[in-house]
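Note sheet for the following structure.
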Amino acid sequence: MKNLSEGIILYHGSFCVVETPDLEKCAKFKDFGRGFYLTSSKEQAKSFAKITAAKAKSKGLVSADEKFAYISYFKVDSVKDLNTFDFKTADVNWLHCIVAHRRNDVFVDVRKQLESYDVISGKIANDDTNTTIMAYMGNVFGKMGSEQSDKMCISLLLPERLQDQFCFRTEKSLSKLKFLKSEKVALE
């Protein structure tokens with residue numbers, strides 16, 4: 001997994017070009033909370049662009065015959081004065097963070113500990129892992145938060161295969177992103 005650093009190029013996949021990220025347009029219940037999500041993996045951004053295009057079509061946000069989604073490229077100008085937190089791997093702390101941001105009523109202390117960070121990074125819990133996370137949240141592996149349940153969920157997620165994500169959670173962090181260009185992604 002790449003570390004957030006000055007000069008790193010990150011990608012954002014969407015149904016539209018995003019030149020100027022707007023936190024008000026960002027969903028609240030994502031892995032690391034409300035924020036603008038990017039990845040160092042162009043392939044992951046491409047996959048996400050296709051997913052968001054399909055969702056946008058189903059909601060009538062774009063024409064049903066739209067043939068493209070987009071990857072927006074950003075360069076990180078500086079990280080010196082940002083308060084950042086990095087989950088090095090998909091471990092128990094990462095899992096509890098993901099669940100805390102997806103549901104308001106669990107692991108509240110975890111969510112509160114992370115409130116002050118401008119950027120949170122770590123592995124992405126994408127659509128391929130969503131079934132496992134939902135099973136965990138439904139206590140399928142045992143009581144959520146128990147050692148048994150945590151171990152089972154993480155073992156099924158295959159954390160070594162997960163891509164990274166960077167959640168820019170504040171206006172201060174967004175000001176460090178420089179839009180470079182966008183690229184069309186064909187929708188098959």
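Quantities reported herein were computed from a predicted structural model and do not represent experimental measurements.
More than 12 non-hydrogen atoms from other residues, nucleotides or ligands lie less than 6.0 angstrom from CE of Met137. Other residues, nucleotides and ligands contribute over 12 non-hydrogen atoms within 6.0 Å of the NZ atom of Lys50.
The main-chain N or O of Lys55 is found under 3.5 Å from a side-chain atom of Ser58 such that the two form a donor-acceptor pair. Although no hydrogens or angles enter the test, the distance criterion places a donor-acceptor pair under 3.5 Å between the side chain of Ser72 and the main chain of Val18. Without hydrogens or angle criteria, Asn139 side chain to Met144 main chain gives a donor-acceptor distance under 3.5 Å. A donor-acceptor pair under 3.5 Å links the side-chain atoms of His12 to the main chain of Tyr37, judged by distance alone. A distance-only check finds a donor-acceptor pair linking the side chain of Trp94 to the backbone of Lys123 [under 3.5 Å]. Of the possible donor and acceptor atoms, none in the side chain of Gln163 sits under 3.5 Å from a partner among the backbone N and O of Ser41. Judged by distance alone, with hydrogens and angles left aside, the side-chain atoms of Ser5 form no donor-acceptor pair with the main-chain N or O of Ile8 at under 3.5 Å. At least one donor-acceptor pair closer than 3.5 Å links the side chain of Lys57 to the backbone N or O of Glu66.
Atoms CG and CZ, on Asn3 and Phe166 in that order, are 7.0 Å from each other to the nearest 0.5 Å. In this structure, NE2 on His101 lies 13.0 Å from NZ on Lys28, to the nearest 0.5 angstrom. Taking OG1 of Thr52 as the start and CZ of Phe15 as the end, the distance is 7.0 Å to the nearest 0.5 Å. To the nearest 0.5 Å, the span separating SG on Cys16 from NZ on Lys25 amounts to 7.5 Å. Here the straight-line distance linking atom CD1 of Ile51 with atom OG of Ser14 works out to 12.0 Å at 0.5 Å rounding.
Side-chain contact between Ile124 and Thr39: absent, with no pair of heavy atoms (C-beta onward) separated by less than 4.5 Å. Phe36 places none of its side-chain heavy atoms less than 4.5 Å from the side chain of Cys167. Side-chain contact between Phe74 and Leu38 is present, with at least one heavy-atom pair separated by less than 4.5 Å. Using a 4.5 Å cut-off on side-chain heavy atoms (C-beta onward), Leu4 and Leu10 make contact. Counting only heavy atoms from C-beta outward, the side chains of Leu95 and Tyr136 approach each other to under 4.5 Å. In this structure, the side chains of Ile71 and Ser182 stay at 4.5 Å or more apart for every pair of heavy atoms.
Not a single salt bridge (charged side-chain N to carboxylate O under 4.0 Å, His left out) links Arg34 to another residue, sequence neighbours left out. Among residues two or more places apart in sequence or in another chain, the side-chain hydrogen bond (donor to acceptor under 3.5 Å, both in side chains) test is passed with Lys46 by none. For Asp86, the side-chain hydrogen bond (donor to acceptor under 3.5 Å, both in side chains) criterion is met by Lys88, Ser121, not counting sequence neighbours. For Ala135, the side chain to side chain contact (heavy atoms under 4.5 Å, CB included) criterion is met by Val140, Phe141, not counting sequence neighbours. Looking at residues two or more places apart in sequence or on another chain, you find a side-chain hydrogen bond (donor to acceptor under 3.5 Å, both in side chains) between Ser173 and Thr170. Remark: Ser63 pairs with Asp65 by the side-chain hydrogen bond (donor to acceptor under 3.5 Å, both in side chains) rule, at least two apart or across chains.
Heavy atoms only, all atoms of each residue included: Cys97 and Val110 are closest at CA-CG1, 3.7 Å. Minimum interatomic distance between Ala69 and Ala49 (heavy atoms only, all atoms of both residues): CB-O, 3.4 Å. Taking both residues in full, the closest heavy atoms of Ser116 and Asn83 are given as O-ND2, 3.2 Å, listed atom of the first, atom of the second, then distance.
Applying the ring-ring contact (aromatic ring centres under 6.0 Å, His included) test to residues at least two apart or on different chains, the pairs with a partner in residues 104-123 are Phe85-Tyr117, His96-Phe107. Applying the salt bridge (charged side-chain N to carboxylate O under 4.0 Å, His left out) test to pairs two or more places apart or on separate chains, none has a residue in residues 2-23. Sorted by first then second residue, the salt bridge (charged side-chain N to carboxylate O under 4.0 Å, His left out) pairs that include residues 148-158, not counting sequence neighbours, are Glu147-Lys151. For the salt bridge (charged side-chain N to carboxylate O under 4.0 Å, His left out) condition, the pairs that include at least one residue of residues 162-184, sequence neighbours left out, are Lys42-Glu183, Asp81-Lys176. Note on residues 108-122: no pairs pass salt bridge (charged side-chain N to carboxylate O under 4.0 Å, His left out), not counting sequence neighbours.
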*Start with the C-alpha distance between Ile98 and Ile133, add both sets of side-chain angles, then the distance that settles side-chain contact (heavy atoms from CB on, under 4.5 Å), and finish with yes or no.*
CA-CA 9 Å; Ile98 301 289; Ile133 301 250; 4.1 Å; yes
*Step-by-step side-chain contact (heavy atoms from CB on, under 4.5 Å) determination, Leu177 to Lys75*: CA-CA 6 Å; Leu177 294 174; Lys75 180 179 178 182; over 6 Å; no
*Please assess Phe87 against Ile120 for the test side-chain contact (heavy atoms from CB on, under 4.5 Å), listing each intermediate value before the final yes or no.*
CA-CA 8 Å; Phe87 287 99; Ile120 299 176; 3.9 Å; yes
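Counting Ile, Leu, Val, Met, Phe, Trp and Tyr side chains that sit under 4.5 Å apart, directly or through other members, Phe48 stands alone, with no cluster partners.
Checked against the 6.0 Å centroid criterion, the rings of Tyr11 and Tyr73 qualify as a close aromatic pair.
A continuous path of hydrophobic side-chain contacts links Met134 to Val92 [ILVMFWY only; heavy atoms under 4.5 Å]. By the rule that hydrophobic residues join a cluster once side-chain heavy atoms approach within less than 4.5 Å of another member, Leu23 and Leu114 end up as members of separate clusters. Hydrophobic clustering (side-chain heavy atoms under 4.5 Å, transitive across Ile, Leu, Val, Met, Phe, Trp, Tyr) keeps Phe68 apart from Val62. Using a 4.5 Å cut-off between side-chain heavy atoms of Ile, Leu, Val, Met, Phe, Trp and Tyr, with links allowed through other members, Phe168 and Ile9 fall into different hydrophobic clusters.
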